[in-house]
Every structure is written in C-alpha cells, then in structure tokens.
Amino acid sequence: MPIVNRVADLQPDIQAWRRNIHENPELLYDVHRTASFVADRLREFGCDEVVTGLGKTGVVGVIKGKKGAAKGDVKVIGLRADMDALPIHEETNLPYASKTPGKMHACGHDGHTAMLLGAARYLAETRNFAGDAVVIFQPAEEGGAGAAAMIKDGLMDRFGVQQVYGMHNGPGIPIGSFAIRSGPIMASTDEVNINIEGLGGHAARPHKCIDSVMVGAQLITALQSIVSRSVDPLDSAVISICEFHAGNARNVIPQTAVLRGTVRTLTPEVRQLIEKRIGEVVKGVAQLTGARIDLDYKRGYPVTVNHASQTEFATRIAKEVAGDGNVHPMPPLMGGEDFSYMLEARPGAFIFCGNGDSAGLHHPAYNFNDEAIVYGTSYFVKIVEDALAA
C-alpha cells in the first residue's frame with residue numbers, strides 16, 4: 001500500500017506513545033497528563049509554536065512549511081485528534097491495559113492522538129509544504145463538548161485555520177480501508193429529562209392514586225409514535241428512553257418517576273420537529289393522566305456535516321493512501337461527535353479509518369488496532385502536503 005515510508009519507520013514510536021496513553025486514561029477535561037505528554041512531544045519535534053490550556057486542557061501545535069506560497073487560497077490546515085477516555089472498566093487483559101480502575105480508552109482516542117503526534121513529527125521533520133499545519137489535540141469529546149470550548153477560546157481565529165479535518169477509527173472496517181460520505185455523517189445528540197409527579201398510595205387502591213409508573217409507561221409508548229408517525233419515513237431519527245426510575249416497594253404506587261433518554265437526528269429540521277413534538281406529547285399525557293410532568297430538553301452536539309468539496313478532497317487523499325478499492329461510501333451513523341462544532345466553524349471533513357475485526361466502540365473489550373497507525377498517520381500527512389502544495 002502507498003503509505004508514507006517514513007511513517008512506516010515511525011510506527012514503533014507511534015505505537016509506544018499510543019500504549020503509554022492507553023495505560024493512563026483520563027476523562028473529559030481532566031486530561032492533564034495526556035496533554036502534558038502531547039505538548040512535550042510537540043516541543044521535542046520542533047514545532048514552531050506549542051500552546052496549552054486552550055479549551056481548558058487542549059493543546060495546539062503549529063508547524064510552518066519550508067516552501068514558498070501555497071498554490072491555492074488555503075494556507076492553514078487544521079488536523080484534530082481527541083484525547084479523553086471513558087468511565088468504563090477495561091476487560092482486555094492486555095499488558096498495557098488501563099492502570100486506573102473504572103477508566104479506559106474504549107473509543108480509540110489514544111490511537112487518534114498517537115497518529116496525529118506521528119503526523120506532527122513527520123511534518124516537523126520534512127516541512128514539505130507551503131503554509132501552516134495546525135495540529136489540534138482536544139479534550140472532552142465524550143460528552144463535554146471540548147471542541148466547542150477550544151473554538152470559544154479562539155482556536156480557529158488565533159491560528160488562522162481555514163480548513164479542518166478529523167478522523168475516527170471504525171471497528172468492522174478492514175485495516176487499510178477508509179469510509180466517508182458528504183453531508184450528514186453523524187447525528188445530533190440531545191438529552192431528554194422527564195420528571196413525573198403523580199399521587200402515591202397503596203397498590204391495592206390504584207383508583208385513589210395517580211400512578212407515576214403507568215404515566216411513565218404511557219409516556220414512553222407515546223414518545224415512540226413520534227418517529228413512526230411524525231417523522232418522514234425517508235428521514236432518520238431515534239428517540240431512546242434508557243432510564244426509568246420509580247418506586248422501591250412492590251405494594252406501593254410511587255408518587256414520582258424519572259425518565260432519561262436521548263434523541264438523535266441528521267437534519268436541523270427533524271431535530272426541531274422532534275423537540276416540538278416531545279413537548280406536545282408530554283403535555284398531552286399530563287392532561288390525560290392528571291400527573292405533573294416536567295420536561296427538560298437539552299440540545300447537545302449538532303449534526304456532523306461533511307462539506308462537499310473537502311469530502312471530495314479527503315476521499316482522494318484516502319485513495320492515495322489505501323488504494324481506490326479501499327475507500328468506501330458509508331451511510332450516516334446515529335452516534336454523535338463534537339467535531340461537528342469544528343465543521344460548523346470551518347469547512348472540512350470527518351473520515352473513518354478501519355480498525356479491523358475489533359470489539360465495538362465503548363465496549364470494555366475494545367482496543368485500538370496498532371496496524372491502523374500507518375494508514376491514519378499517512379492520511380493526516382498527505383492532507384497537509386497536498387492541500388498546502390507550493
């Protein structure tokens with residue numbers, strides 16, 4: 001495969017960095033060790049600028065090319081990796097497994113960070129491009145909106161980023177392959193929090209009560225009708241109520257119940273529709289049952305939307321790395337990704353790099369496949385060298 005030869009030489013070092021990070025997982029914004037490790041490597045590589053503390057614990061490195069003016073209008077390319085782990089107890093039994101019980105890199109962010117470090121080392125050594133490569137190491141992708149925090153701290157404007165590219169490993173996609181699509185590639189992620197207050201009482205006297213369990217069950221059923229009856233069948237949407245807490249005795253009708261869930265959509269229009277309909281359904285069930293139902297609907301990550309021109313460019317680069325037959329179109333995924341904020345701020349594209357036949361993301365037996373390193377790192381390198389060609 002036409003991976004970058006120097007990247008293949010660097011593979012043992014990149015693998016060692018990845019396993020070091022894997023052993024020492026950190027959550028959300030509390031990625032101080034990982035951020036320090038990244039910043040130290042960037043300084044060792046000779047980056048022209050290394051900035052820490054952006055978006056609380058994010059790290060940015062700037063590498064300036066040695067060639068003249070870029071041939072196109074783009075002079076600054078951003079490459080992003082995420083650094084945080086998950087609150088999951090690791091069950092891999094690997095020699096480099098997590099040293100911290102209850103925390104593990106179950107989504108491959110250790111691999112993303114190591115691959116971008118490898119690309120930074122190569123780019124700092126060769127500088128075979130015109131313009132600036134900005135390597136972005138982000139905290140708190142797993143629910144903390146670290147990308148938004150870095151943007152709020154001036155990421156795009158401070159470093160003059162004109163286009164931005166991100167990558168995620170993909171279990172089930174063969175090693176040496178990529179998958180990508182233009183337009184919506186990952187879903188928005190909203191929270192539904194519902195508190196029900198009925199009237200508790202004896203289980204043998206339900207007619208004297210407003211049964212919060214029955215109200216909750218009725219509400220869950222009614223909410224499912226939104227996707228099946230309010231959303232166009234050609235659109236995609238998910239409403240999943242995943243928590244239902246009520247009661248603590250078999251002969252007591254509980255006064256209160258709590259429902260928690262998530263909403264996933266692929267367009268702003270469907271997102272708005274579902275938020276509106278959930279509010280209407282909650283009001284309707286409250287009126288029907290006599291219960292008080294309080295809804296707290298929180299918008300989370302927006303839809304991750306790949307820009308057409310940059311997706312075409314990223315696809316071409318991936319084919320240069322992996323071969324034409326190993327870059328595949330893909331359907332959108334209903335998982336979420338806060339790279340969406342970066343794609344709202346600047347044009348760019350998000351791509352999946354094959355992780356082979358591994359356990360799924362967020363599974364306690366998951367592990368990033370080190371065989372993917374040369375492909376992902378080469379992709380990052382070629383994005384910069386081609387986009388910033390003299």
Side-chain angles (χ1 to χ4, degrees), residues 1 74 77-82 107-109 111-112 115-116 138 141 147 162-190 227 231-238 262-271 274 300-358 360-362 369 372 375-376 378-380 382-383 386-387:
M1 293 296 176
V74 179
I77 291 290
L79 304 174
R80 173 269 204 175
D82 34 19
C107 202
H109 296 187
H112 306 161
M115 289 189 295
L116 188 53
Q138 178 210 303
E141 191 282 324
Q162 293 171 279
Q163 294 183 4
V164 64
Y165 295 87
M167 183 193 308
H168 205 291
N169 74 94
I173 302 172
I175 291 292
S177 296
F178 292 90
I180 192 170
R181 78 185 308 272
S182 183
I185 189 169
M186 297 188 76
S188 61
T189 60
D190 296 343
V227 173
V231 176
D232 188 323
L234 298 179
D235 290 327
S236 297
V238 172
T262 185
V263 173
R264 308 297 174 99
T265 59
L266 291 172
T267 68
E269 295 78 16
V270 174
R271 189 183 199 186
I274 287 188
Y301 297 171
V303 181
T304 304
V305 181
N306 278 346
H307 297 249
S309 177
Q310 286 70 35
T311 302
E312 183 179 351
F313 170 67
T315 301
R316 178 169 63 79
I317 296 301
K319 287 180 177 179
E320 288 182 16
V321 172
D324 288 357
N326 293 314
V327 180
H328 309 288
M330 60 177 285
L333 304 177
M334 299 310 285
E337 167 60 63
D338 80 342
F339 190 67
S340 54
Y341 292 108
M342 296 197 181
L343 290 176
E344 285 189 333
R346 293 293 186 273
F350 194 68
I351 196 169
F352 285 85
C353 180
N355 201 58
D357 187 21
S358 69
L361 302 175
H362 295 211
N369 192 329
Y375 299 99
S378 294
Y379 169 82
F380 276 143
K382 286 181 177 289
I383 284 282
D386 197 291

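Basis for what follows: all heavy atoms, side chains included, without hydrogens, waters or symmetry-related copies. Residue numbers start at 1 and run along the sequence shown.
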Using modelled atom types only, decide if a donor and an acceptor are shared between the side chain of [X] and the backbone of [Y] within a distance under 3.5 Å.
X    : Y    : result
R264 : M334 : yes
N355 : I173 : no
T189 : Y301 : yes
S340 : P302 : yes
R80  : G166 : no
N306 : G183 : no
S378 : Y375 : no

Quick check: closest heavy atoms across [X] and [Y], and the distance to 0.1 Å?
X    : Y    : result
A147 : Y341 : CB-CB, 4.3 Å
G176 : A322 : O-CB, 3.1 Å
V270 : S236 : CG1-O, 4.1 Å
S182 : A308 : OG-CA, 3.4 Å
I351 : A318 : CD1-CB, 3.8 Å
M167 : C353 : SD-CB, 3.8 Å

Are side-chain heavy atoms of [X] and [Y] found at a separation under 4.5 Å?
X    : Y    : answer
L343 : T304 : yes
R271 : V303 : no
D82  : F339 : no
N369 : N169 : no

Angle class for the F352/H168 ring planes (parallel below 30°, perpendicular above 60°, tilted otherwise)?
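Judged by the thresholds at 30° and 60°, the geometry between F352 and H168 is tilted.
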Return yes when atom CG of D357 has more than 12 non-hydrogen atoms of other residues, nucleotides or ligands closer than 6.0 Å, and no otherwise.
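Count not over threshold, so no.
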Reported [atom1]-to-[atom2] distance for the pair [X] and [Y], which is rounded to 0.5 angstrom:
X    : Y    : atom1 : atom2 : result
T311 : I185 : OG1   : CD1   : 7.5 Å
Q163 : R346 : CD    : CZ    : 11.0 Å
T315 : F178 : OG1   : CZ    : 10.5 Å
I317 : I180 : CD1   : CD1   : 11.0 Å
I77  : Q310 : CD1   : CD    : 8.5 Å
F350 : M186 : CZ    : CE    : 6.0 Å

Salt-bridge present (E312, R316; N to O < 4.0 Å)
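R316 and E312: not salt-bridged.
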